[in-house]
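See structure below.
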Number of protein chains: 2
Amino acid sequence: MKGIRRLAQHLDISIGTVSRALNGKPDVNEETRRRVLQAAAELGYVPNQSGRSLRQGTTNIIGFMMQTGTEITGQGDIFFMSVFDGVQAVFARHKLDLVALLCSSEEDPSDYLRRVVARGFADGLILSATQRDDPRIEFLAERNIPFVTLGRSLTDAGQPWLDLDFEGMAQASIDRLVARGHRRIAITRPHDDINLGYIFVDRCRRALAAHGLALDEDLIFRSTPNEAGGYQIARDLLALDEPPTAIVLINETIAIGFYQALSEAGVKPGRDIAVIGRYSPHAHFLSPPLTCFRLSLRDLGIALAETLLSAMPAFKDHYPQAPANRVWQMELVEGESDPFRAPRR
Amino acid sequence: MKGIRRLAQHLDISIGTVSRALNGKPDVNEETRRRVLQAAAELGYVPNQSGRSLRQGTTNIIGFMMQTGTEITGQGDIFFMSVFDGVQAVFARHKLDLVALLCSSEEDPSDYLRRVVARGFADGLILSATQRDDPRIEFLAERNIPFVTLGRSLTDAGQPWLDLDFEGMAQASIDRLVARGHRRIAITRPHDDINLGYIFVDRCRRALAAHGLALDEDLIFRSTPNEAGGYQIARDLLALDEPPTAIVLINETIAIGFYQALSEAGVKPGRDIAVIGRYSPHAHFLSPPLTCFRLSLRDLGIALAETLLSAMPAFKDHYPQAPANRVWQMELVEGESDPFRAPRR
DNA sequence: GTGAAAGCGCTAACAG
DNA sequence: CTGTTAGCGCTTTCAC
């Protein structure tokens, strides 16, 4: 004898009553409920999730889909761990469990998602690394699976999303660099079709135009989101006939390689070239400290969770005011990598 | 009508036959099987996991348990992402799915694990960040849940484990530094009770003793496994009356902060102090390049998966030769941070 | 080679 | 307030 049946037998009451007692149904004698809860604790009883899911059609699991190839997302363990921590803080209130759904780099993300959904694995989903055109979005929307994306996409099915404020970062970076005397400003973009790259480049272009400047196509550097990518950017940049005097780096990790390649060439950030990037734990520890845009990843996770829950019928009442779409502000942390520029010559 | 029933109706055969056809049972007419598979593909049928689990008592899911607080694990940016990718490469062969079980920093890991197990969530588990005494190990062993740990522990239930060769790293580092003229050698250890810290410190002590040297307790620096921890170590170290001439860093991430604090004090790695650390993508991009110990994280993941599967009755036949316990070699990458030491005075 | 039917553990509807 | 029972989707006997 196993499971709820065993518990019921142990208490000499019916399994129905045990179930109701455990699930906090009102029509249970308080004394009975107390006995059930105590016995459950003693016997270490926890309801079998498969049985429960099969009956209720819900799993109490929220899946956070991510790709495991390191060069794909551009985010590392730390980024996601921090976000997860915030997400969980919210889910814990509702006894929802967060699991990371790990799509191998060898599998097509859409196929993977299809499998996850068909299996009835999760009650809701969080998608990260949204692509410019992202078939996953349509797929989930068609099936009425509650989900939220971390990142926007041209694929719009009216889904809720949260995204970092890359426009704000672009605008502020360009304005700041221009104000500091720069006219020839480079930017970077991801090597793949992740949506944020488009947003960032577009806004940089417009911000420059507002200052009467054009974005030189040769000053848009594509790179993989890692140290090696940053290194390569610096090498390419220094090889130009007329290098830029400033650059805005879109990824966190590329700063290290970028600094190193400059250093090898005897070029010093802050003195010979202005650099603005994204905050990461090592940004402070570069020399000179990187001027960068920071955000609270944990708070982002919290917002992500609340937005998702507000899209789920079972929880929406708890989060009536959660915004369905939102760009997440980043805060400028002043470093020493982009001082005012000494007038040339 | 849903699920397998719908598929059966569509084909006008019984659900039993559909099930057998889909699951590759031998007693099915090949023509029938072909029709079933085709219809399944057309209708996008995927068996419901809850129904299947309930019936079979197995989920085809392997859980990789990890803690989500960022200061906990002590691994670099992309440590887990890379390991996951290797694990999945193996699991894909057996149609097993890997999910990361994310224990919030606010929850006790043992409680979390208990819940996961009781729910029948996964067929097997991988535990990371094993503590010196780790109750999770006993818990799983008692219940006969197949699992493998990434990391050893004093808690020994005969479980399979894989661990990095911290002894080898300790021994090689000490030998190398001594050979290069160092007598006063510092080491670092994690701030918490993770098991690897004990292994590392013990072996360093013995390696030094073999050279007739004592490990000075003041030269064992505890730190959180992040940039700030490394920064603090360097500050503390430089404040000593008699600073060490060399140091071995146990974590990947601390090198950056460590280098920075040295730099601020005008102390140059490789010239004024020898440094040996762990490889991470930025190790090359430090100046001077860090001499460090590297391993293939993806291969580690593959080995981890194979070791787990060899402990699972359903798969053990495929992996007869997988070692149940194994320290994973790391390879020394020569940088320029620990040259031969100019004799003093 | 196929169909019919039992039953995995659980919750919810219903009867008392 | 409690017991009884149907049935969630699936796999696996057991007949035929």
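Numbered from 1 within each chain, the chains take letters A, B, ... in sequence-line order.
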Euclidean distance, atom CG of residue A:L22 to atom P of D:dT2 [Å, nearest integer]: 13 Å
A:I13, nearest nucleotide to its side chain (from D:dG3, C:dT11, C:dT2): D:dG3
B:N48 side chain, from C-beta outward: closest of D:dT11, C:dT11, D:dG9: D:dG9
Nearest-nucleotide pick for A:P47, side chain only, options being D:dG3, D:dT12, C:dC10: C:dC10
base_contact_polar (D:dG9 base, A:R55 side chain, donor-acceptor, <3.5 Å): no
Salt-bridge criterion met for A:R152 and A:D163 (N-O under 4.0 Å): yes
Nearest to side-chain heavy atoms of B:R20, which nucleotide of D:dT11, C:dA4, D:dC1: C:dA4
Residue closer to the 5' end of DNA chain D, B:V46 versus A:N29 (nearest nucleotide): A:N29
B:V28 or B:L54, whichever maps to the more 5' nucleotide of DNA chain C: B:V28
Distance-only donor-acceptor test (3.5 Å): side chain A:R119, base D:dG9: no
Nucleotide C:dG9, atom C1' - distance to CD of B:Q49 in whole Å: 15 Å
Test applied, side chain to side chain contact (heavy atoms under 4.5 Å, CB included); reference residue, B:L125; option that passes from B:L113, B:I62, B:I61: B:L113
For atom CD of A:Q9 and atom C1' of C:dG9, their distance in whole Å: 15 Å
Side-chain N,O (B:T17) to OP1/OP2 (C:dG3) below 4.0 Å: yes
Touch class at under 4.0 angstrom, heavy-atom based, for B:G3 against every strand present: sugar-phosphate
Short side-chain N/O contact to D:dC10 OP1/OP2 from B:Y45, under 4.0 Å: yes
B:I4 CD1 to D:dC8 C1', straight-line distance once rounded to whole Å: 14 Å
B:D134 with B:R136: basic N within carboxylate O range, under 4.0 Å: yes
Presence of A:S50 side-chain N/O under 4.0 Å of C:dC8 phosphate oxygens OP1/OP2: no
Side chain of B:S14 - closest among C:dG3, C:dC10, C:dG9: C:dG3
Minimum side-chain heavy-atom gap A:T68-B:V87 below 4.5 Å: no
Rounded distance (Å) that lies between atom P of C:dT2 and atom CG of B:D12: 13 Å
Atom pair NE2 (A:H10) and CG (A:L43), whose distance is rounded to the nearest 0.5 Å: 5.0 Å
Any A:K2 side-chain N or O less than 4.0 Å from OP1/OP2 of C:dC8: no
Protein-nucleotide distance (B:K25, atom NZ; D:dC14, atom C1'), rounded to Å: 15 Å
Contact under 4.0 Å: B:Q56 side-chain N or O vs D:dT12 OP1/OP2: yes
Under 4.0 angstrom between A:R52 side-chain N/O and C:dG9 OP1 or OP2: no
Touch class at under 4.0 angstrom, heavy-atom based, for B:D27 against every strand present: base
Carboxylate-amine/guanidinium contact B:R326 B:E306, below 4.0 Å: no
Rounded distance (Å) that lies between atom C1' of C:dG9 and atom CG of A:L7: 13 Å
Sugar-phosphate, base or nothing in reach of A:T32, heavy atoms under 4.0 Å: sugar-phosphate
Euclidean distance, atom CD1 of residue A:I15 to atom P of C:dC14 [Å, nearest integer]: 18 Å
Aromatic B:Y45 / basic B:R6 pairing, under 6.0 angstrom, 45° off normal: no
Side chain of B:R5 - closest among D:dG3, C:dG3, D:dC10: D:dC10
